[in-house]
Number of protein chains: 2
Amino acid sequence: MNIGEIARRAGVSRSTVSYALTGRRPVSAETRQRIQAVIDELGYRPNAAARALKEGRTRTLGLVIPPASARLTDMQLGFVASVVEAAAQADLDVLLSPSGGDHDRSFERLISGNRVDGVILMEIRLEDERVTRLHREGLPFVTIGHTAHPHGTCWVDVDYGTLVARCVHHLADLGHRGIALLNRSTELIAAGYGPAHRAQAAFAEAIHQRGLTGVDLPCADDPAAGEEWFEQLRDRHPGVTAITTINEAALPGLQRGIERLDVAVPREMSIAGVAARHWAEGFRPQLTAADVPTLEMGAHAVALLLERIATPTAPPRHLLLTPPISLRDSTGPARTT
Amino acid sequence: MNIGEIARRAGVSRSTVSYALTGRRPVSAETRQRIQAVIDELGYRPNAAARALKEGRTRTLGLVIPPASARLTDMQLGFVASVVEAAAQADLDVLLSPSGGDHDRSFERLISGNRVDGVILMEIRLEDERVTRLHREGLPFVTIGHTAHPHGTCWVDVDYGTLVARCVHHLADLGHRGIALLNRSTELIAAGYGPAHRAQAAFAEAIHQRGLTGVDLPCADDPAAGEEWFEQLRDRHPGVTAITTINEAALPGLQRGIERLDVAVPREMSIAGVAARHWAEGFRPQLTAADVPTLEMGAHAVALLLERIATPTAPPRHLLLTPPISLRDSTGPARTT
DNA sequence: GTCGGGAGTCGAATCGATTCGACCACTCGA
DNA sequence: TCGAGTGGTCGAATCGATTCGACTCCCGAC
């Protein structure tokens, strides 16, 4: 059931069927109805490959996700879901590529051979070979997160630096003098993962500004590590009375550690950080945190990419979001010793 | 940079380039090298649409995921990741469609217009319109989970019925007389979600066989609901000394509830269930549970689908997995009152 | 009465690959 | 020595859509 078959049955030429479908030239109401009837009867849908070949675009976006070996965090999952959803709303399909680096077969397939009209990249590092590769290839793309050289590319990101600084100031205002940063894993930091580095820098700066004592400790992205992290913190840094966290995945473990060592939150330990609302509200007591708007970010990324595809020569646009910090129940005045 | 350009620069015809690439006819070593050199220099990759059009297949699989509105559970995420990974290993791409039901635009696009060679479906209900739709369409497909009429289709599933029964027997062997089933949400049960129904039936049967008292309570798929579920259980069914769970997402809440009410596990309450290893090991104390092998299941689904695509007429194959129950620390002898 | 123009339609070219039939130049066996 | 077979290559057809140029009506304006 190709367009020729429809044309034959409707007694018109193939081009007329095409014009009836796309509306790019006038077709009489009568003919259009006859064609539509045949189409409905046969359940015809134009062949995607043929259309893509002729039009030179595929109506498909590529989404590069971290490989399955690395467990996706809840936030990454949120991005994937929201990107797919936003694309579906715009009648676009999404092709997935699980690839960590450049010169990965799946990544190569995605970006060459005109398989997609544009690409969305996540888990961006400060120096990211995939970004330079896409630049070379000339394929429109948008990143969720940004590199150390942000001006040449389109991206959407959360301003981790500012958010961490705000958390520190909030805690300092409450009288806390010793604050720890629950950072992401050492591997990610070593790999040059942006948010971890920006959080680190902003933390150090804010601590210095307020004349506080800061403890910057990385932590693997899983519950068990979170528990251990807290034990070590209590053990080695007894002066710390507040925590700033950007490590969502460690939260359940942090909670377990707190309960096991029987530490009262916020009376003995205040916590403020950055997390998806889902996690912040799941914490006991509910976490004072900046809620990362994953849904909006995915939608923005798709919107930016569509703009870029439409006008590839326009100057690249960025979106640096600084969601407000929702005051919940995990922060309170410092214990006066 | 299409095949014609390569041919021109290498001084051969287009067909020779094609044969050099696919190896479907002999090409002299010398010619092949000359062609390869040009290809490497220009970074040529065959146009996917043109190839798909001519070959009649796209080397792309479709994966239907629940819409973003419903938060993906960890297990579903595991399936997505493993399917994408397995497909990448076989040099196949994966097209995502977030759609709950039939006659969803994204679903329609996926299955018509020859966009994909086959489809993998998840979140299968006992009666699933998408399955009948795919049957009608004649597109090869595999489901993760199975309907009430499993014989006509290919699928991979975990035998929730047997696993729940085994949990009950295990708990009964330990002397427990009152056992609760922590089931999935009422919405899923109402929608005819298979695992929930099969668990229910097997639970009732095993309880009856052993002459026990069973409490079958649904629970929304989130931590908060899990916490509430446990409170209600303690409140209304004080005779229950053991829990069988198939609701992964409720586990963190269950844990919080247990800790808040200060219930000792397994001394006062034993727990056994079905969960991804990740969740079972994250529970405190570690959960006695059948580990759902999400990675293997995704890989199996892809393998079955490839078989089906290769020989669509072969009788459909199924795979019903019954992973062993890993004895961990959450089950113990019933308290003798 | 005719001329311009738009509505409506058709045929043919095109996108970039694969593939079939044909052809040439060799080699090997009878 | 001749024919069969084969390695190596080419040209043309093909997949299923879109799109351009051209053609036919028909209507209204001059």
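A, B, ... follow the sequence lines: proteins, then strands. Residue 1 opens every chain. None of these values were measured; they are calculated from a predicted model.
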key: Identified side chain to side chain contact (heavy atoms under 4.5 Å, CB included) counterpart of B:Leu121 within the set B:Val64, B:Thr153, B:Val142, B:Ile65   =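 Result for side chain to side chain contact (heavy atoms under 4.5 Å, CB included) with B:Leu121: B:Val64.
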task = Look at all strands and tell whether B:Arg25 reaches a base, only sugar-phosphate, or nothing, counting heavy atoms closer than 4.0 Å.
result =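 Answer is base: heavy atoms of B:Arg25 come under 4.0 Å of a base.
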query = At under 4.0 Å between heavy atoms, what does A:Ser18 touch on the DNA or RNA strands: base, sugar-phosphate, or nothing?
reply =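 Result for A:Ser18 = base.
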request  = Strictly below 4.0 Å, heavy-atom distances to any atom of DNA chain D: list the hits from residues 33-41 of chain B, or just say none.
outcome  =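 Within this stretch, nothing sits under 4.0 Å of the strand.
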ask   = Which residues, if any, of residues 46-61 of chain B bring a heavy atom under 4.0 Å of DNA chain D?
value =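 Only B:Leu53, B:Lys54 qualify.
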Distance-only, no hydrogens or angles: does the [X] side chain make a donor-acceptor pair with backbone N or O of [Y] under 3.5 Å?
X	Y	value
B:Arg32	B:Val27	yes
A:Asp40	A:Ala37	no
B:His318	B:Pro150	yes
A:Ser112	A:Glu108	yes
A:Asp117	A:Arg57	no

key: Bend angle of the helix from C:dG1-D:dC30 to C:dA30-D:dT1, end axes from five pairs each (to 10°)   =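 One end axis against the other gives 50°.
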ask   = So which of residues 10-17 of chain B are in contact with DNA chain C, with a heavy-atom cut-off of under 4.0 Å?
value =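 Correct list: B:Arg14, B:Ser15.
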request  = Given side chain to side chain donor-acceptor pair (under 3.5 Å), test A:Ser99 with A:Ser106 step by step and report yes or no.
outcome  = CA-CA 7 Å; A:Ser99 39; A:Ser106 157; 4.6 Å; no
Pairwise 5' ranking along DNA chain C for B:Tyr19 and B:Arg45, keeping only the more 5' one =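 So the residue in question is B:Arg45.
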Run the side chain to side chain donor-acceptor pair (under 3.5 Å) test against [X] and tell me which residues pass, sequence neighbours left out.
X	value
B:Thr60	none
B:Thr16	B:Ser13
B:His135	none
A:Glu5	A:Arg8, A:Arg9

key: Set of residues satisfying side chain to side chain contact (heavy atoms under 4.5 Å, CB included) with respect to B:Thr73, sequence neighbours excluded   =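 B:Thr73: side chain to side chain contact (heavy atoms under 4.5 Å, CB included) contacts with B:Met75, B:Gln76, B:Arg184, B:Asp221.
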Review item, nucleotides 4-6 of chain D N/O atoms under 3.5 Å of protein N/O:
none

ask   = Given B:Thr147 and B:Trp155, is the side-chain contact (heavy atoms from CB on, under 4.5 Å) satisfied, shown in steps?
value = CA-CA 9 Å; B:Thr147 66; B:Trp155 48 263; over 6 Å; no
Can you give the donor-acceptor pairs under 3.5 Å from side chains of residues 303-312 of chain B to other protein atoms, not counting sequence neighbours?
{"residue": "B:Glu307", "atom": "OE1", "partner": "B:Arg317", "partner atom": "NH1", "Å": "2.9"}
{"residue": "B:Glu307", "atom": "OE2", "partner": "B:Arg317", "partner atom": "NH1", "Å": "2.6"}
{"residue": "B:Arg308", "atom": "NH1", "partner": "B:Ala314", "partner atom": "O", "Å": "3.0"}
{"residue": "B:Thr311", "atom": "OG1", "partner": "B:Glu307", "partner atom": "O", "Å": "3.3"}

query = Is any NZ, NE, NH1 or NH2 atom of the basic residue among A:Arg105 and B:Asp91 found under 4.0 Å from an Asp or Glu carboxylate oxygen of the other?
reply =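 Judged by the 4.0 Å cut-off on N to carboxylate O distance, A:Arg105 and B:Asp91 do form a salt bridge.
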ask   = chain B on DNA chain C: first and last contacting nucleotide, 5' to 3', under 4.0 Å to a heavy atom?
value =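 Nucleotide range with atoms under 4.0 Å of chain B: C:dG16 to C:dA22.
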